[in-house]
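I have placed the structure first, in the form of structure tokens, so that the comments after it can refer back to it.
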Amino acid sequence: MDQDAHDRLQTEEVVAASSPALAERGTRFGADQRAQERFKSRARRARDYSTKCSPRGCALCYHPVPLNPDFTLRKTVYGAVMAKGITKRSEDYSQWYIDVVLKAEMADYSPVKGCMVIRPTGYGIWEKIQEHLDRMFKETGHVNAYFLLFIPESFLKREAEHVEGFAPECAVVTMGGGKLLEEPLVIRPTSETIIWDTYRNWINSYRDLPLLINQWANVCRWEMRTRLFLRTTEFLWQEGHTAHASHEEAEEETMKMVKVYQRFAEEFMAMPVLVGRKTEREKFAGALHTYCIEALMQDGKALQAGTSHHLGQNFAKAFDVKFQDRDEQLKHVYATSWGVSTRLIGAMIMVHSDDKGLVVPPRLSPRPVVFVPIWRGDDEMRVVLDKAREITRDWDALFYHIDARDQYKPGYKFNEWELKGVPLRIEIGPRDVQQGTVVAVRRDTGEKTSLSMDGLREQLERLLNDIQDNLFRIAKQRRDDSTFTVNSYDDYKAGIDKGGFFRVFLDHQNSEVEQRLQDDTRSTIRCIPFDASDEEGPCMITGKACRGRVIAAQSY
RNA sequence: CGGGGUGUAGCGCAGUCCGGCUAGCGCACCUGGUUUGGGACCAGGGGGUCGCCGGUUCAAAUCCGGCCACCCCGACCA
């Protein structure tokens with residue numbers, strides 16, 4: 001079906017389907033004539049803007065009550081001027097971040113508050129993250145499965161701490177098919193409950209253990225304040241959920257996965273991280289303890305980039321998941337869960353990017369090399385493009401891209417690809433063709449080098465490795481330069497607003513200490529690092545003797 | 001929920017005080033031509049319920065009343 005016919009069909013169906021239904025619902029909910037008119041116009045607008053609007057599935061057309069009659073769509077920002085107009089980091093870091101996300105076309109605002117559209121440039125990076133992590137999960141014995149989006153409300157209430165932690169930020173579906181549901185369905189904020197309810201049926205014997213499953217999914221948490229990629233109402237993530245026969249084995253798994261995250265962050269994202277344990281206050285709702293990786297952004301704020309939880313027997317008890325052990329006893333299983341999300345994309349941006357735009361580490365780049373051909377007139381165009389195609393004939397198609405667009409001049413393309421963070425740009429013009437060379441330009445340093453066309457692929461791979469290493473080195477240097485060791489609370493208060501990780505003595509078992517820290521300084525204990533020394537000292541707030549320094553910082 | 005800001009074409013804005021021609025400008029977009037080693041140029045063209053509702057008026061983007069949305073900064077929070 002051609003697009004026009006498709007649109008016509010949808011229009012007719014939507015109007016036919018929505019108007020009577022709306023009118024009926026309007027009556028049912030006691031809405032007056034005007035509200036109905038408004039809602040019809042809202043549905044019409046939704047139809048106009050949503051070409052995918054299916055008469056059976058469109059949430060906008062089928063919404064039972066016009067929650068907000070003056071519904072308006074958010075403005076979108078794409079398509080206009082590119083790198084021009086990126087706020088400098090030094091001027092306004094938050095605005096810089098937003099500018100980079102929007103202008104590099106990573107994501108866009110959406111008609112729904114707090115939600116975003118992940119555009120191909122951003123989604124391509126998520127796919128690379130998935131590709132590498134998925135491999136690492138499978139290499140460590142995990143398999144993928146998919147559970148469900150909807151969680152019966154009662155499930156969430158089964159684990160006391162868990163429900164307390166998540167209830168306030170849950171979205172709940174109360175209607176389906178035009179009728180009130182028997183039991184409201186929570187849109188998953190995380191899947192422990194539904195998964196453990198399922199695991200009960202899958203686990204009988206110690207021979208069924210360990211059960212090592214991962215899920216790639218979307219989740220929904222109704223946050224008060226959202227930021228592109230860092231905290232959105234709906235986001236994408238992976239959540240691993242494992243079941244084990246013993247506490248020790250679950251602990252080993254929890255530790256193993258936080259280390260997988262560390263390796264991924266450092267080797268693929270070129271992002272150095274601290275690895276450690278969360279305090280009681282900061283741990284996952286329902287866990288015995290939580291391990292995490294913490295990264296430092298360029299503005300000196302910390303960002304939690306991944307977590308791994310030892311859930312003990314809490315969920316097994318709440319959902320009655322037992323197995324018969326070798327000793328013939330019935331025992332509750334031990335659980336872990338671990339996850340990273342599209343927040344990692346935000347981390348990548350804030351660790352590596354610069355005032356010219358995005359900087360993508362080569363290993364996260366969907367196409368790390370872009371050719372910008374240069375020509376004068378049709379003859380040269382043919383020669384240059386033919387040469388570029390000849391050079392790349394045997395290359396992996398996902399290694400490079402030839403930007404043959406004729407409506408932009410090379411200079412424009414240079415800026416555009418820099419804005420989008422492509423690690424390596426290859427300039428190839430008539431002179432190069434004659435000399436058998438190309439010019440390679442690194443995104444990280446801006447350095448230009450002339451390379452021979454012979455063995456170009458290998459030279460580029462070397463360069464990419466160099467860029468990857470360099471990005472990590474710079475990020476690590478910055479992190480180390482922004483990590484401070486202080487002993488007095490006064491010194492801490494004097495320094496904390498400037499950002500950075502602070503190695504301090506704090507009585508982290510006392511939640512009042514953390515509360516006071518937060519009230520005084522808007523900072524928190526990010527983690528109790530694994531590699532903390534045995535050094536002893538007085539808590540900088542209470543003076544109580546502590547062993548080992550913790551990491552405190554302001555955070556996102 | 002508090003503070004600040006903004007709603008006029010896809011984006012950025014002018015016009016609003018002091019009501020009045022057909023609502024402008026730059027970028028982007030379309031057509032044709034010339035260009036192309038760091039954001040090209042010329043000519044022509046398309047695109048706007050001025051956030052929404054109501055009021056005042058011969059006449060409202062502009063004045064009055066009400067509402068809504070979004071962004072930023074806080075508060076809150078895995």
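Numbers restart at 1 for each chain; the letters A, B, ... are given by sequence-line order, proteins then strands.
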Measure from CG on A:Asn415 to P on B:C27 and round the result to the nearest Å.
17 Å
Between A:Arg516 and A:Asp520 (salt bridge meaning N to carboxylate O under 4.0 Å), is one present in this structure?
yes
Gap in Å between the two P atoms, one belonging to B:C1 and one to B:A9, rounded:
29 Å
What are the atom names and distances for every N/O pair under 3.5 Å that joins the protein to nucleotides 75-77 of chain B?
{"from": "B:C77", "atom 1": "O2'", "to": "A:Glu169", "atom 2": "OE1", "distance (Å)": "3.2"}

How do A:Gln407 and A:Trp375 order along RNA chain B: which one's closest nucleotide is nearer the 5' end?
A:Trp375
B:G47 -> Watson-Crick or G-U wobble partner, both distances under 3.5 Å, gives none
Pairing residues for A:Tyr97 by the ring-ring contact (aromatic ring centres under 6.0 Å, His included) criterion, not counting sequence neighbours
none
Taking only the side-chain nitrogens and oxygens of A:Tyr408, find out if one of them lies under 4.0 Å from OP1 or OP2 of B:C29.
yes
Say you pick atom P in B:C18 and the same atom in B:C30; how far apart are they, in whole Å?
44 Å
Please determine, for B:G65, whether a Watson-Crick or G-U wobble partner exists with both distances under 3.5 Å, and give it or none.
B:C53
For A:Ala171, give me all partners under side-chain contact (heavy atoms from CB on, under 4.5 Å), at least two apart in sequence or on another chain.
A:Ile187, A:Cys220, A:Trp222
With rounding to the closest Å, how many angstrom separate the P atoms on B:C71 and B:G12?
13 Å
As its Watson-Crick or G-U partner within any shown strand, both distances under 3.5 Å, B:C17 has none
If you measure from the P atom in B:C27 to the same atom in B:C17, how many Å do you get, rounded?
29 Å
Under a 3.5 Å limit for both distances, which nucleotide forms a Watson-Crick or G-U wobble pair with B:A40, could you say?
B:U34
Can you measure A:Ile293 atom CD1 to B:A78 atom P for me and round it to whole angstrom units?
20 Å
Just checking A:His241 against A:Phe147, ring centres under 6.0 Å apart?
no
B:A78 P sits how many Å from A:Trp237 CH2, rounded?
14 Å
Between A:Asp378 and A:Arg343, who's closer to the 5' end of RNA chain B by nearest nucleotide?
A:Asp378
Whole angstrom is fine here: how far is it from CZ in A:Arg376 over to P in B:C41?
17 Å
Taken to the nearest whole Å, CZ/A:Arg227 to P/B:C72 is 7 Å
Going by an N to O cut-off under 4.0 Å, is there a salt bridge joining A:Asp403 and A:Lys413?
yes
Quick one: the side chain of A:Glu380 and the base of B:G37, do they pair up donor-acceptor inside 3.5 Å?
no
Please state the P separation for the pair B:C67 and B:U57 - nearest whole angstrom.
23 Å
Whether A:Arg221 engages the ring of A:Phe235 as a cation-pi pair (distance to the six-membered ring centre under 6.0 angstrom, angle to the ring normal within 45°) should be assessed.
no
Of all residues at least two apart in sequence or in a different chain, which pass the side-chain hydrogen bond (donor to acceptor under 3.5 Å, both in side chains) check with A:Glu514?
A:Thr279
Backbone N or O of A:Leu358 within a donor-acceptor pair of the A:Arg443 side chain at under 3.5 Å?
yes
Taking atom C1' in both B:G32 and B:C72, compute the distance separating them and give it to the nearest angstrom.
45 Å
I'd like to check the ring-ring contact (aromatic ring centres under 6.0 Å, His included) partners of A:His289; sequence neighbours left out, ordered by chain and number.
A:Tyr291, A:His310
Distance, C1' atom - from B:G33 to B:C70, rounded to whole angstrom
43 Å
Looking at residues 422-433 of chain A, who's got a heavy atom less than 4.0 Å off RNA chain B?
A:Arg425, A:Glu427, A:Gly429, A:Pro430, A:Arg431, A:Asp432
Please enumerate all residues that pass ring-ring contact (aromatic ring centres under 6.0 Å, His included) together with A:Phe501, with sequence neighbours excluded.
none
A:Lys409 side-chain N/O to B:A40 phosphate OP1/OP2 under 4.0 Å:
yes
Just call it for A:Val439: base, sugar-phosphate, or nothing, with non-hydrogen atoms closer than 4.0 Å on any strand.
base
Tell me the partner of B:C1, counting only Watson-Crick (N1-N3 plus N6-O4 or O6-N4) or G-U wobble (N1-O2 and O6-N3) with both under 3.5 Å; none if nothing fits.
B:G74
Of the nucleotides B:C72, B:U36, B:G39, which one has an atom closest to the side chain of A:Ile98?
B:C72
Length of the line joining A:Asp406:CG and B:A40:P, which is rounded to integer Å:
13 Å
A:Asp406: which residues meet the salt bridge (Lys or Arg N to Asp or Glu O under 4.0 Å) condition with it, sequence neighbours left out?
none
Atom CD of A:Gln95 and atom P of B:G5 are separated, to the nearest Å, by 16 Å
A:Arg221 side chain N/O closer than 4.0 Å to the phosphate oxygens (OP1, OP2) of B:A78?
no
Distance between P atoms of B:A59 and B:G15 (Å, rounded):
26 Å
Residue set satisfying salt bridge (Lys or Arg N to Asp or Glu O under 4.0 Å) with A:Glu239, at least two apart, ordered chain then number -> none
Write down the partner of B:A23 under the Watson-Crick or G-U wobble criteria, each distance required to be under 3.5 Å.
none
Once you round it to whole Å, what is the distance between P of B:G37 and NZ of A:Lys448?
11 Å
